[in-house]
Chemist: 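This structure is in structure tokens; I'll ask about it shortly.
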Amino acid sequence: MTVPPVELDDLADPAAGFPQATREQWRTLAAEVLRKSGWDGSPDEAEAALTTTTYDGVAVAPLYDAADLPAAAGTARAVRGPGAWDLRQRHADPDPAATREAIQADLENGVTSLWLDLNAIDPAALPAVLDGVLLDLAPVVLDAGPRTAEAAEAFLRLTDGMAAGAALPGGNLGADPIGLAARTGATVDTGAAVALARRCAADHPGLRAITVDALPYHDAGGADAEELGCSVATGVAYLRALTGAGLTAEQAFGQLEFRYAATADQFLTIAKLRAARRLWARVAEVTGVAGEPGRQLQHAVTSSAMMTVRDPWVNMLRTTVACFAAGVGGADAVTVQPFDACLGLPDAFARRVARNTQSLLVEEANVARVADPAGGSWYVERLTDDLAARAWEWFREIERAGGMAAALERLVPERLAATRARRADNLAHRRDPVTGVSEFPDLKERPVSRRPGPGLAVTSGSVSGGGLPVMRYAEEFEALRDLADAQPSRPTVFLATIGPVAAHTARATFAANLFAAGGIATVTSGPGTDPAAIAAAFRDCGTPVACLCSSDRLYGEHAAVVAAALREAGARTVWLAGKGEYEGVDATLYAGCDALGVLRATFDDLGVSR
């Protein structure tokens with residue numbers, strides 16, 4: 001066979017020679033696929049059928065083209081991050097010697113800045129903790145909550161011996177009175193934060209005084225635009241306080257650093273960080289600050305809310321995706337939380353994996369070599385634009401309520417509570433799956449234990465204490481797992497697998513996975529349709545709860561008689577995996593059902609006290 005020569009002109013356009021595809025053609029093909037699942041709509045409706053909506057009400061379409069590109073997209077400098085980012089590791093071990101050892105290991109193995117939780121570490125221990133750290137090379141970020149002034153003084157005393165004119169590049173004293181109010185319900189008092197900012201502006205070039213921490217709103221179950229709007233409103237409140245105390249607008253902007261959550265939803269994280277810079281650039285434009293002085297400095301932290309106690313190894317995957325998204329989204333600094341952070345103080349192995357996650361993305365995957373690699377993507381640009389618009393609306397609503405401090409009294413908690421309720425409902429129905437917990441749980445996993453301590457960078461506070469509540473997506477399922485593990489013998493449900501293996505395997509697997517999400521084991525009857533044999537296997541199992549598993553066709557022939565046999569054998573409750581009504585069946589399990597409700601009802605039927 002003779003291969004024709006390839007002309008260079010043919011390589012200029014790889015799509016040359018192929019027919020031009022249209023959106024209408026795609027809709028027709030998509031409609032054909034949807035009809036196989038029972039959907040009955042026209043091709044014009046296919047796109048809407050496949051569109052999802054975020055918690056902010058932003059529509060995410062299944063297909064984007066050039067027509068979806070916003071007018072300000074692509075070359076807008078305001079959304080671009082620096083490309084390369086700072087590898088920032090958090091430390092919260094109250095033992096100064098252990099913290100110093102961990103800090104030295106981090107700095108010797110790729111970490112470039114430190115985040116110290118001085119709610120856990122005594123500020124008086126800072127000299128011991130930072131012994132040997134070159135403060136003019138390794139930026140230090142403090143997080144001391146109500147002890148911010150004390151911690152700042154202790155840290156600044158350590159700089160007295162530095163060479164004249166030496167700067168503290170990239171560091172932050174962590175003052176955040178509004179964030180503290182969000183966490184704990186404390187009264188907002190910006191006096192100490194303003195004093196520290198004036199001191200930094202005058203005496204410590206490169207050191208910032210204030211952190212605008214948006215993590216409390218994310219940890220309370222808030223959506224991305226809600227997190228953004230709260231952060232912008234908080235930043236504006238600090239700008240007012242700082243300029244009112246005599247700082248210029250440029251000096252005020254230079255005292256703020258923003259902290260956001262990065263989640264395993266990589267595209268929303270990328271869009272959120274890009275939208276945050278666009279929003280803050282708009283604030284800078286309105287206040288007359290142009291260029292680099294008005295650029296938002298961002299610190300992205302892998303989400304505490306998405307972390308799990310059960311199957312914590314999966315957290316490595318979550319944080320890797322979140323870190324990638326934070327880097328692509330343009331964060332200036334990124335903190336990857338160790339996979340065991342939910343369990344207490346992370347061990348050395350977990351800390352090593354966390355920092356190497358970043359090192360791999362920077363050094364091997366070369367993610368940091370390109371500034372704004374998602375720029376120009378039709379999908380990411382549209383998502384950024386829509387998210388920024390929603391966040392700006394929320395920011396204006398907060399401003400109309402009197403600003404962020406006033407909005408924390410009622411508006412913000414009520415808005416976040418509504419989003420948290422919708423999120424909790426989706427988690428309960430497994431529309432928002434949690435791998436290793438609500439989906440694909442491992443009942444044989446070995447427990448992992450760690451020293452007690454604040455492993456997660458999670459906000460404290462509760463509704464009763466006045467602060468915003470804290471939500472972790474897996475906690476309701478994990479509570480049921482703990483309850484199951486505490487029983488003398490593992491709670492068990494009998495699966496009546498009707499018919500041959502090919503007929504019942506899919507639904508038996510589904511049912512076993514659902515019950516395992518609550519720590520409940522399952523025992524199957526094996527293939528067959530004989531009601532007496534299935535009932536005998538049920539009696540041998542010794543549980544009062546059964547679930548029928550088979551195909552719709554076999555349900556029509558056997559469900560009622562098998563359910564009756566199970567009742568006669570002592571079944572208290574008979575479930576059915578699938579949909580439909582059958583005599584003798586109490587309720588059904590199906591994709592999208594209230595899994596938490598099913599599990600709690602099953603615990604009640606098994607006589608397990610909740």
Side-chain angles (χ1 to χ4, degrees), residues 64 66 68-88 110-113 139 141 169-170 172 206 208 212 214 224 228 231-232 235 250 253-254 256-285 289-302 319-336 355 357-388 391:
Y64 290 84
D68 296 299
L69 201 64
T75 58
R77 186 176 179 82
V79 304
R80 291 181 177 173
W85 69 83
D86 185 13
L87 280 66
R88 182 171 297 170
V111 166
T112 53
S113 69
V141 174
N172 195 305
R208 300 180 184 232
V212 178
D224 296 280
L228 289 174
S231 73
V232 173
E250 287 192 357
F253 272 85
L256 306 185
E257 178 179 357
F258 290 72
R259 183 177 294 146
Y260 295 108
T263 73
D265 190 328
Q266 65 175 4
F267 287 110
L268 269 176
T269 296
I270 293 168
K272 176 168 69 177
L273 297 179
R274 298 176 85 248
R277 286 190 294 276
R278 180 181 294 178
L279 293 166
W280 196 239
R282 174 58 178 156
V283 173
E285 179 185 7
V289 176
E292 185 64 21
R295 190 181 75 84
Q296 185 184 76
L297 188 70
Q298 293 180 343
H299 174 202
V301 183
T302 58
T319 55
T320 298
V321 175
C323 179
F324 171 82
V328 172
D332 296 270
V334 179
T335 295
V336 172
R355 64 176 178 256
T357 298
Q358 297 209 55
S359 295
L360 187 149
L361 290 170
V362 172
E363 303 294 341
E364 295 188 37
N366 297 308
V367 175
R369 288 183 178 271
V370 180
D372 195 25
S377 160
W378 300 326
Y379 171 38
V380 174
E381 293 288 6
R382 170 51 61 189
L383 190 58
T384 299
D385 198 62
D386 290 345
L387 203 55

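Every heavy atom of this structure was used, including side-chain atoms; hydrogens, water molecules and symmetry mates were not.
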Chemist: Between Lys272 and Ala261, is there a donor-acceptor pair closer than 3.5 Å when you use the side chain of the first and the backbone of the second?
Modeler: yes

Chemist: Check whether any side-chain heavy atom of Leu87 lies under 4.5 Å from a side-chain heavy atom of Arg355, and answer yes or no.
Modeler: no

Chemist: Quick one: pull up CZ in Arg369 and CD in Glu363 and give me the separation to the nearest 0.5 Å.
Modeler: 8.0 Å

Chemist: To the closest 0.5 Å, what do you measure between OH (Tyr379) and CZ (Phe267)?
Modeler: 6.0 Å

Chemist: How long is the gap from OH on Tyr64 to CG on Leu383, to the nearest 0.5 Å?
Modeler: 6.5 Å

Chemist: So which heavy atom on Arg88 is nearest to which on Ser113, and how close?
Modeler: NE-OG, 2.9 Å

Chemist: So that I can tick it off, tell me whether Arg382 and Asp68 are bridged by a salt bridge, with the cut-off set at under 4.0 angstrom between side-chain N and carboxylate O.
Modeler: no

Chemist: Identify the two heavy atoms, one from Leu361 and one from Cys323, that lie closest to each other, and give their separation to 0.1 Å.
Modeler: CD1-SG, 3.5 Å

Chemist: Using the side chain to side chain contact (heavy atoms under 4.5 Å, CB included) rule, pick out the option among Asp332, Asp86, Thr335 that qualifies with His299.
Modeler: Thr335

Chemist: Report yes if the side chains of Tyr260 and Leu228 come closer than 4.5 Å at any heavy-atom pair, otherwise no.
Modeler: yes

Chemist: How close do Ala325 and Gln266 get, counting heavy atoms only, and between which atoms?
Modeler: CB-O, 3.5 Å

Chemist: Looking at CD of Gln296 and CZ of Arg278, how far apart are the two atoms once the value is rounded to the nearest 0.5 Å?
Modeler: 13.0 Å

Chemist: Contact between Arg208 and Leu297 at the side-chain level, heavy atoms closer than 4.5 Å - yes or no?
Modeler: yes

Chemist: Find the distance between OG1 (Thr320) and CG (Leu360) and round it off to the nearest 0.5 Å.
Modeler: 8.5 Å

Chemist: Can any side-chain N or O of Gln298 pair as donor or acceptor with the backbone N or O of Leu273 at less than 3.5 Å?
Modeler: yes

Chemist: Rounded to the nearest 0.5 Å, what's the gap from CD1 on Ile270 to CZ on Phe324? Could you check?
Modeler: 6.0 Å

Chemist: Is it the case that the side chains of Gln358 and Trp85 hold a donor-acceptor pair, with the cut-off being a distance below 3.5 Å and no angle test?
Modeler: yes

Chemist: Do you know which two heavy atoms are closest between Ala322 and Ala264, and how far apart they sit?
Modeler: CB-N, 4.3 Å

